[in-house]
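Before any comments, here is the structure.
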Amino acid sequence: MTNYKKKNIDIIINHAKVYGFIFKSSEIYNGIKSIYDYGPNGIEMKNNIKNFWWDYMVKYRDNIVGVDTSILMNNKVWDASGHKKNFYEYFIINYYNKKIYILEELLNFILYKINNKNNIKINNIKINNIKIKFLKLFKKKKIKKLNIFFKKKIIKYNLSKILKWDKIKKINLMFKTKINSFKKKEYTYLRPETAQGIFVNFKNIKNSNRMKIPFGIAQIGKSFRNEIISKQFIFRIKEFEQMEMQFFIFPGEEKKWYKYWIKSRLEWHYFLNLGKNKYRIKDHKNLSHYTTFATDIEFKFFDSFKELEGIHFRKDFDLKNHQKLSKKNLKYFDIKSNKKFFPYVIETSLGLDRIFYSIFYSSIKIQKINNKKRIYLKLPFFISPIKIAILPLIKKGKIINISKKIFNNLKYKYYIVYDDKDSIGKRYRRQDAIGTPYCITIDNKSVINKTVTIRNRDTMKQINYKIKNINKYFKKNFDISNFFKKKII
RNA sequence: GCGAUAGUAGUUCAAUAGGUAGAACAUAACCUUGCCAAGGUUAAGGUCACGGGUUCGAUUCCCGUCUUUCGCUCCA
């Protein structure tokens, strides 16, 4: 199973590299852990995903507006948001083997050692008891008690060597950076979530755009987390892009809107047509410091589900804390009820790189034709980096003139390419590999009958079409409003 | 971070039992052809992941580092 999985992930990574979608960052220096770059086709595809999200969330609604806030913010933002206090991973250095362990790992290591000592065997029930007690203390971060707890075990199992450990170390997951080169103490962090940019601008946006509850603020932008465990191609990376929306509501209406946003976000995912059975809804058990209840939309990669998007109820946690610390009034005044209050917040937060990966992963199709492989990307047309390829069959005479004319006519409407190199079969395959939905081929018939052939990527079928009607054809086939016949609030 | 796995051309992979490396496909140019990766000629490409050690000599042996994939874990 692992081999099958590895082989498949290799196909995806290779394809992404060979066709200019994703490269390892600073690859000529052997890269840098868990950071990736987007190539020419990658950025087109990424922009298309962004637009698709933005259109659905902002443009097609009258109660959501967008912002683009800075990555660097006043240090105090991260006090108010709780990230300075709570955004940590816990580690410990074991002096026995000089290795750095996540606490739970060390526990497993110790239990393993206890069980493997020749004369000491403890049964499963005992191991479980130790684990439960350890995790209890660990969760409450009672470090002193943990140390006492293990001292007892040291005496009991004579494991003095193994249990020589340093104090527990907290490592903040935010990237610290200097903001004023001359003042040593002035530092801030690269934002670990885009949401805070929205909260600190709440007042500005509410006032400048005369927003009335319920309303939302959307943002697409980079976030940074110095994750210790960050692997799986672009699934878990240290510099990533989020597509977030904070929806401000009347307190008491949270259940209604929470349900609504789960449904609405799922609908967006279904528009991508990757297969409804690939998605799963899962309620969060371990809540992060800012959420009260939370749901994940998960996607099936290979044979396991992984989180794409989180829908969180943040209550009034952020605005309340920002008001407390900034001493600025961030309350909302409702004229109907004549009351001032902190609006509650439902957040939808989607990982752009993750949705990119999910689309790319599920679009790669391998087909056998005449005993040869055909690899094509079955992307939705509005996600494809290139919409149309213009392919003159022969590089001569009037065929060229007609081809160039068609190219110049279409290039202002869609991102298209012109390719006259190599055999026609090869050119089709090249376009297949990057997911171009249509190829227009111009041949001698085009000169005589004024028609071209339009070839469909998925079916490989070709139709003859009058040159003068080409615009109509693509207008019909590239009409995204067909997707949004359902009413969006 | 821990455990396992791997690192040779753009990609997939060979070879060298220590004597500085080849193929296929891809790429570039030209010729020929013209509807699903056609044929031919030619070219470009690798300090064999990086650093150190042993050796007359290291891609090959040893040590360290970096990076990939999988698992643990966490999240977007």
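Heavy atoms only: backbone and side chains are in, while hydrogens, waters and symmetry mates are out.
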task: Compute both the distance and the angle, then confirm whether A/Arg265 meets the cation-pi test with A/Trp268: under 6.0 Å from the six-membered ring centre, within 45 degrees of the axis.
output: yes
query: Looking at A/Tyr438, does the NZ or CZ of A/Arg457 lie under 6.0 angstrom from its six-membered ring centre and within 45 degrees of the ring axis?
result: no
message: For A/Phe293 and A/Tyr258, take the angle between the two ring planes, folded into 0 to 90°, and tell me which bin it lands in: parallel under 30, tilted 30 to 60, perpendicular over 60.
response: perpendicular
task: Would you mind checking if A/Arg314 and A/Glu347 are paired as a salt bridge, meaning a charged N to carboxylate O distance below 4.0 Å?
output: yes
query: What interatomic distance, in whole Å, is found between P of B/U54 and the corresponding atom of B/U16?
result: 27 Å
message: Once rounded to the nearest 0.5 Å, what's the spacing between atom CG of A/Asn172 and atom CZ of A/Arg225?
response: 11.5 Å
message: Tell me if a side-chain donor or acceptor on A/Ser363 pairs with a main-chain N or O of A/Phe360 at a distance below 3.5 Å.
response: no
query: Taking the C1' atom of each, how far is B/G18 from B/C48, in whole Å?
result: 14 Å
Using atom names, set out every protein N or O paired with an N or O of nucleotides 8-10 of chain B below 3.5 Å, distance rounded to 0.1 Å.
residue : atom : partner : partner atom : Å
B/G10   : O3'  : A/Lys17 : NZ           : 3.2

- prompt: Which letters describe nucleotides 32-46 of chain B, given B = protein heavy atom under 4.0 Å from base, S = only from sugar-phosphate, - = neither?
  reply: --BBBBB--------
query: Would you say B/A76 has OP1 or OP2 under 4.0 Å from some side-chain N or O of A/Lys306?
result: no
field: Touch class at under 4.0 angstrom, heavy-atom based, for A/Phe233 against every strand present
entry: sugar-phosphate
B/A23 and B/A15, which share atom name C1', separated by this distance in whole Å: 11 Å
Ignoring hydrogens and angles, write down the donor-acceptor pairs under 3.5 Å from the side chains of residues 378-391 of chain A, residues two or more places apart or on other chains.
residue  : atom : partner  : partner atom : Å
A/Ser384 : OG   : A/Gly435 : O            : 2.6
A/Lys387 : NZ   : A/Phe381 : O            : 2.8
A/Lys387 : NZ   : A/Ser384 : O            : 2.8

- line: Intra- and inter-strand pairing of RNA chain B, written as dot-bracket with Watson-Crick and G-U pairs under 3.5 Å and | for the latter, reads ((((.((..((((.....[..)))).(((((.......))))).....(((((..]....))))))).))))....
query: Which value, in whole Å, describes the distance between the C1' atoms of nucleotides B/U33 and B/A38?
result: 8 Å
message: Suppose you measure atom C1' in B/U32 against the same atom in B/G39; what distance do you get, rounded to whole Å?
response: 8 Å
query: With a 4.0 Å cut-off on heavy atoms, is A/Leu391 in touch with a base, just the backbone sugar-phosphate, or nothing at all?
result: nothing
query: Between B/U69, B/U11, B/C75, which one does the side chain of A/Asn14 approach most closely?
result: B/U11
For A/Lys84, all residues meeting salt bridge (Lys or Arg N to Asp or Glu O under 4.0 Å), sequence neighbours excluded: A/Asp79
message: Using atom P in both nucleotides, what's the gap between B/A9 and B/A76 to the nearest angstrom?
response: 38 Å
- prompt: More 5' along RNA chain B: A/Leu173 or A/Tyr101, using each one's nearest nucleotide?
  reply: A/Tyr101
field: Atom-to-atom span, CD1 of A/Ile12 to C1' of B/U12 - whole angstrom
entry: 17 Å
- prompt: How about A/Ile49 and A/Met243: do any of their side-chain heavy atoms sit closer than 4.5 Å?
  reply: yes
message: Please classify the glycosidic conformation of B/G34 as syn (within 90° of 0) or anti (everything else).
response: anti
query: Between A/Phe91 (CZ) and B/C72 (C1'), how many Å, whole number?
result: 13 Å
- request: Hey, could you give me the CD1/CD1 distance between A/Ile394 and A/Ile399, rounded to the nearest 0.5 Å?
  value: 4.0 Å
List the atom pairs, donor and acceptor, that lie under 3.5 Å between side-chain atoms in residues 350-359 of chain A and the rest of the protein, sequence neighbours left out.
residue  : atom : partner  : partner atom : Å
A/Asp353 : OD1  : A/Tyr38  : OH           : 2.7
A/Asp353 : OD2  : A/Glu241 : N            : 2.8
A/Arg354 : NE   : A/Phe235 : O            : 2.8
A/Arg354 : NH1  : A/Glu307 : O            : 3.0
A/Arg354 : NH2  : A/Phe235 : O            : 3.4
A/Ser358 : OG   : A/Ile355 : O            : 2.8

